[in-house]
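Numbers here are sequence positions counted from 1.
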Amino acid sequence: MQANSHTEVSANVRPKGRIPGNKGIWVGITCEFLEFSVLFIVYFVARAHFPAEFEHGSARLSTTAGIAITFLMLTSSLLIACAVACVRGGQRTRATWFLVAALLVAIGYPITKYLEIQWNLEHGITGRAGIFFTVYYYLTINHLVHASWGILGIIWVLARNATGAYTAADYVGLESLGSYWHATDMIWLALFTFFYVLS
């Protein structure tokens, strides 16, 4: 009995200083950050050259859509973190339900983005409506592409977890997905601030 308890504790104790996920996902995350760093530079250069358009552009966007996407991103991140915690605790079935919830919430992002774009077009907000909107579409749709990869990742880890691929001793794949999704989440928070808040 004591030996089993010791094994269970050892499986759940992570070495200090261990980076979550695997090296491959952090290469991907680093590339994502570098890409958006360049895009953020484009944003600030454009803002410096066309201050009036950037000052008034955000007022024309749907703040409701921006807040909704922020809520969906943060909520899905929380649910994925809960799934990781459940797997670490040996609760695979509960982790599966958290992943199902995370997937449903995450899918709300592209749906909301589609509705937002439809609303934009009805109000004459196209990529040709000015430099602000050109930059806005380029960066936010680029982010949507990255988030779509993350959604595919959620489906992948959900399927693997349902078949018992992750255990309290080995959940690196799930943790890697969580790291990627959190990184994508952080980038969205910057985009939300740049386009929907700053004026």
Query raised in the report: For Gly90 and Ala168, which heavy atoms make the closest approach, and how far apart are they?
Result: N-CB, 4.2 Å
Query raised in the report: At their closest point, which heavy atom of Phe133 faces which heavy atom of Thr126, and how far apart are they?
Result: CB-O, 3.5 Å
Query raised in the report: Does Leu79 share a hydrophobic cluster with Val100, counting links as ILVMFWY side-chain heavy atoms below 4.5 Å and allowing steps through other members?
Result: no
Query - Validation row: Val197, Phe192 side chains within 4.5 angstrom (heavy atoms) - result: yes
Query - Cluster link Phe44 to Ile41, ILVMFWY, side chain under 4.5 Å - result: no
Report task. Run the numbers on His49 and Ile131 for side-chain contact (heavy atoms from CB on, under 4.5 Å), then give the verdict. Result -> CA-CA 10 Å; His49 283 81; Ile131 186 64; over 6 Å; no
Requested in this report: For the residue pair Thr63 and Leu61, establish whether any side-chain heavy-atom pair is separated by less than 4.5 Å.
Outcome: no
Report task. Look at the side-chain heavy atoms of Ile, Leu, Val, Met, Phe, Trp and Tyr, link any pair under 4.5 Å apart, and say whether Val45 and Phe50 land in one connected group. Result -> no
Query - Side-chain (Thr75) to main-chain (Leu72) donor-acceptor, under 3.5 angstrom - result: no
Query raised in the report: Has Arg60 got more than 12 heavy atoms of other residues, nucleotides or ligands less than 6.0 Å from its CZ?
Result: yes
Query raised in the report: Is there side-chain contact between Tyr196 and Ser58, with heavy atoms separated by less than 4.5 Å?
Result: no
Report task. Starting at CD of Gln118, measure out to NZ of Lys113 and round the result to the nearest 0.5 Å. Result -> 12.5 Å
Report summary line: Rounded to the nearest 0.5 angstrom, the CD-CD1 distance for Glu116 and Ile69 is 5.0 Å
Query - Over 12 non-hydrogen atoms of neighbours within 6.0 angstrom of OH in Tyr114 - result: no
Query raised in the report: Hey, is OH on Tyr138 packed in by over 12 heavy atoms from elsewhere, all under 6.0 Å?
Result: no
Requested in this report: Might you point out which heavy atoms bring Leu139 and Phe36 nearest each other, and give the distance in Å?
Outcome: O-CE2, 3.9 Å
Query raised in the report: Would you call Tyr166 and Val172 a side-chain contact if the rule is heavy atoms closer than 4.5 Å?
Result: no
Query - His56/Phe132 aromatic ring centres below 6.0 Å - result: no
**Report entry** Pairwise side-chain contact, Trp156 with Leu177, heavy-atom cut-off 4.5 Å (strictly under)
**Finding:** no
Report task. Given side-chain contact (heavy atoms from CB on, under 4.5 Å), test Ile29 with Phe33 step by step and report yes or no. Result -> CA-CA 6 Å; Ile29 290 172; Phe33 280 151; 3.6 Å; yes
Query - Heavy-atom side-chain contact between Tyr180 and Glu32 under 4.5 Å - result: yes
**Report entry** Shortest non-hydrogen contact from Asp185 toward Met73
**Finding:** OD1-CB, 3.2 Å
Requested in this report: Say whether Phe71 and Met186 are linked into one hydrophobic cluster, either directly or through other cluster members, by side-chain heavy-atom distances under 4.5 angstrom.
Outcome: no
Query - Trp149 with Ile141, same ILVMFWY side-chain cluster at under 4.5 Å - result: yes
Report summary line: Rounding to 0.5 Å, atoms CH2 (Trp119) and OG1 (Thr64) come to a distance of 8.5 Å
Requested in this report: Report the C-alpha separation of Tyr136 and Asn120 in whole Å, then their side-chain angles, then the decisive distance to 0.1 Å, and conclude whether the side chain to side chain donor-acceptor pair (under 3.5 Å) test is met.
Outcome: CA-CA 12 Å; Tyr136 154 78; Asn120 286 348; 3.1 Å; yes
Query raised in the report: Quick one: are the ring centres of Phe194 and Phe40 less than 6.0 Å apart?
Result: yes
Report task. Please step through ring-ring contact (aromatic ring centres under 6.0 Å, His included) for the pair His143 and Tyr109, ending with a clear verdict. Result -> CA-CA 11 Å; His143 181 270; Tyr109 173 17; 5.7 Å; yes
Query - Nearest heavy-atom neighbours spanning Ala162 and Arg92 - result: O-NH1, 3.1 Å
Query raised in the report: Glu35 and His146: side-chain contact (heavy atoms from CB on, under 4.5 Å), yes or no, with the steps?
Result: CA-CA 11 Å; Glu35 177 187 359; His146 284 271; 2.9 Å; yes
**Report entry** Side-chain touch Leu174/Leu99, heavy atoms, less than 4.5 angstrom
**Finding:** yes
**Report entry** For the student: nearest non-hydrogen atoms of Pro51 and Ala48, plus distance
**Finding:** CD-O, 3.7 Å
Report task. For residues Leu198 and Phe54, determine if any side-chain heavy atom of one lies less than 4.5 Å from a side-chain heavy atom of the other. Result -> no
